[in-house]
Amino acid sequence: MSGDAWFTLDWSDEGVVLLDQRILPEEEKYLTLATVEDVAQAIETMVVRGAPAIGCTAALGVARAARVSGASDLAGLHADLEAARARLARTRPTAVNLFWALGRMAEVEAEAASEPGATVASVGEALLAEARAIVAADVEACRALGAAALPLVPEGSRILTHCNAGALATAGYGTALGVVRAAHDAGRGITVLADETRPFLQGARLTAWELDRDDIPVTVITDNMAGHLMRKGEIDLVVVGADRIAANGDVANKIGTYSVAVLAREHDIPFYVAAPTSTIDADTPDGDAIPIEERGREEVADFGGRPVLPSGVPVRHPAFDVTPAALVAAIVTERGVARAPYTESLAEQLRGA
């Protein structure tokens, strides 16, 4: 990222450090979270959001649990870490990177605890090293997938995004916005149309903030403008992130993504998904098996701190929807570009082919 230095997440001896995304773009404020409960609540309340960033935050949260554990032996530490992982696992059910990261941390704990002469301190250091490795690998993966996507982005492309899949949704650089950044850095002369993404406005508040900070041309549109602009020939391609990709290529992403994909198919516009391989869930066969989080009423019923619905009227608030693989032109990961049939190409990606 160019411009003034900022970061999404980090580790400090005082706790897990997160940029509070709820108050962007009005204020840039960092929170230092000293307990696992603080970290869990930050994920639930969307201080941090985006599947890769949630996974990285959870890994740092487990490392923090080890740091503050008062256990005197490995059995006590294990109990504390089990409780930490269980609490973090309850935060956001759709984002598979969360469970991937927690699984990695559990494996490292087991390996470190089995070492001759293992202590509470040595296991804690191993967990911190792994959390830092997960964070670093996420940034590397985002840069690699951005480079891999370059052949998909013609000169002068006008790119539509949905939600925020940028540095704010990852440990840095971004997935969908990693594609945008790579194309911009390569001198492709791209411009971005960012869906505002109701109800939490991640596109308007976060994507626009990121790209404006990096001097990448961006214009915000309301979610219901995309079809009109596609019909007018003002959008060349769509690129989005993902919170979970099923084995067959069905993609769960922020609510409204499916509608964009349907519109893109109708107007013969390629619809691309960018995500690290940690977002691919080989154990979930298709989109129907992906759990969809339902969030609270207030995010829909309130706007800018003011109620916009009659008090007695209920809302529906699924946070994600599923885009069928048939609507996805390609899925880009740090290992390259996968195309249909996704059951084969994604399996190859996971094998590292």
Side-chain angles (χ1 to χ4, degrees), residues 1-10 18-19 21 24-25 28 46 48-57 95-97 101 134-150 152-153 157 159-186 188 190-197 200-218 220 237-245 251 253-254 257 260 271-280 330-337:
M1 294 171 291
S2 60
D4 297 337
W6 61 273
F7 60 88
T8 304
L9 50 87
D10 203 357
L18 298 177
L19 177 60
Q21 299 186 31
L24 288 173
E28 296 175 33
M46 298 180 76
V48 64
R49 24 66 53 205
I54 289 170
C56 292
T57 301
V96 74
N97 306 64
I134 288 172
V135 170
D138 185 68
V139 177
E140 291 177 6
C142 288
R143 290 186 176 276
L145 73 81
L150 277 176
L152 306 177
V153 185
S157 289
I159 303 171
L160 177 71
T161 66
H162 189 73
C163 193
N164 170 265
L168 288 167
T170 65
Y173 202 71
T175 53
L177 294 194
V179 175
V180 167
R181 284 191 169 93
H184 176 74
D185 292 345
R188 295 287 170 88
I190 56 93
T191 57
V192 176
L193 288 169
D195 274 350
E196 63 174 353
T197 319
F200 207 66
L201 299 175
Q202 296 99 321
R205 295 188 305 106
L206 305 181
T207 293
W209 180 80
E210 276 197 47
L211 296 183
D212 183 60
R213 288 284 297 263
D214 277 7
D215 296 322
I216 298 174
V218 58
V220 173
L237 61 93
V238 179
V239 59
V240 301
D243 287 80
R244 189 182 300 225
I245 301 172
V251 175
N253 193 50
K254 183 54 57 181
T257 302
V260 172
F271 178 93
Y272 299 123
V273 174
T277 51
S278 57
T279 306
I280 303 170
I331 297 172
V332 187
T333 78
E334 72 274 21
R335 294 175 180 166
V337 179

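Values below: all heavy atoms of this structure, side chains included; hydrogens, waters and symmetry mates excluded.
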Are any non-hydrogen side-chain atoms of V240 and V260 less than 4.5 angstrom apart?
no

Distance (rounded to the nearest 0.5 Å) between T197 OG1 and R205 CZ
10.0 Å

What's the spacing between T57 OG1 and L9 CG if we round to 0.5 Å?
4.5 Å

Roughly how far, to the nearest 0.5 Å, is the OG1 atom of T207 from the CG atom of D195?
9.5 Å

Taking side chain as C-beta onward, heavy atoms only, is Y272 less than 4.5 Å from L152?
yes

Locate the shortest heavy-atom distance separating A141 from E334; write the atom from each residue and the value.
O-CB, 3.5 Å

Testing L206, I216, T191, T161 one by one against L211 for a side chain to side chain contact (heavy atoms under 4.5 Å, CB included), which residue passes?
I216

Would you check if the side chain of R181 reaches a backbone N or O of G166 as a donor-acceptor pair within less than 3.5 Å?
no

Identify the heavy atoms of A274 and L145 that sit nearest to each other, and give their distance.
CB-CD1, 3.8 Å

Which heavy-atom pair separates G241 from A176 by the least distance, and what is that distance?
N-CB, 3.9 Å

Any sub-3.5 Å donor-acceptor pair from S157's side-chain atoms to I159's backbone N or O?
no

Would you say the side-chain atoms of R188 pair up with the backbone N or O of V153, donor to acceptor, closer than 3.5 Å?
yes

Would you check if N164 and F200 make a side-chain contact, meaning some heavy-atom pair closer than 4.5 Å?
no

Atom pair OG1/CD1 of T277 and I245 - distance to nearest 0.5 Å
9.5 Å

Is a side-chain N or O of E210 found less than 3.5 angstrom from the main chain of A167, in a donor-acceptor match?
yes

Within-4.5 Å side-chain heavy-atom neighbours: T333 and P276:
no

Nearest heavy-atom neighbours spanning A171 and C56
CB-SG, 4.0 Å

Could you go step by step and tell me if L177 and V180 meet the side-chain contact (heavy atoms from CB on, under 4.5 Å) rule?
CA-CA 5 Å; L177 294 194; V180 167; 4.0 Å; yes

For the atom pair CG (L18) and CG (L168), what is the distance rounded to the nearest 0.5 Å?
11.5 Å

I need the R49 CZ to T8 OG1 distance, nearest 0.5 Å.
9.0 Å

For A51 and A242, the nearest pair of non-hydrogen atoms, with its separation, is CB-O, 3.9 Å

Does Q21 reach the main-chain N or O of M46 with its side chain, forming a donor-acceptor pair under 3.5 Å?
no

Which heavy-atom pair separates G172 from V139 by the least distance, and what is that distance?
N-CG2, 3.8 Å

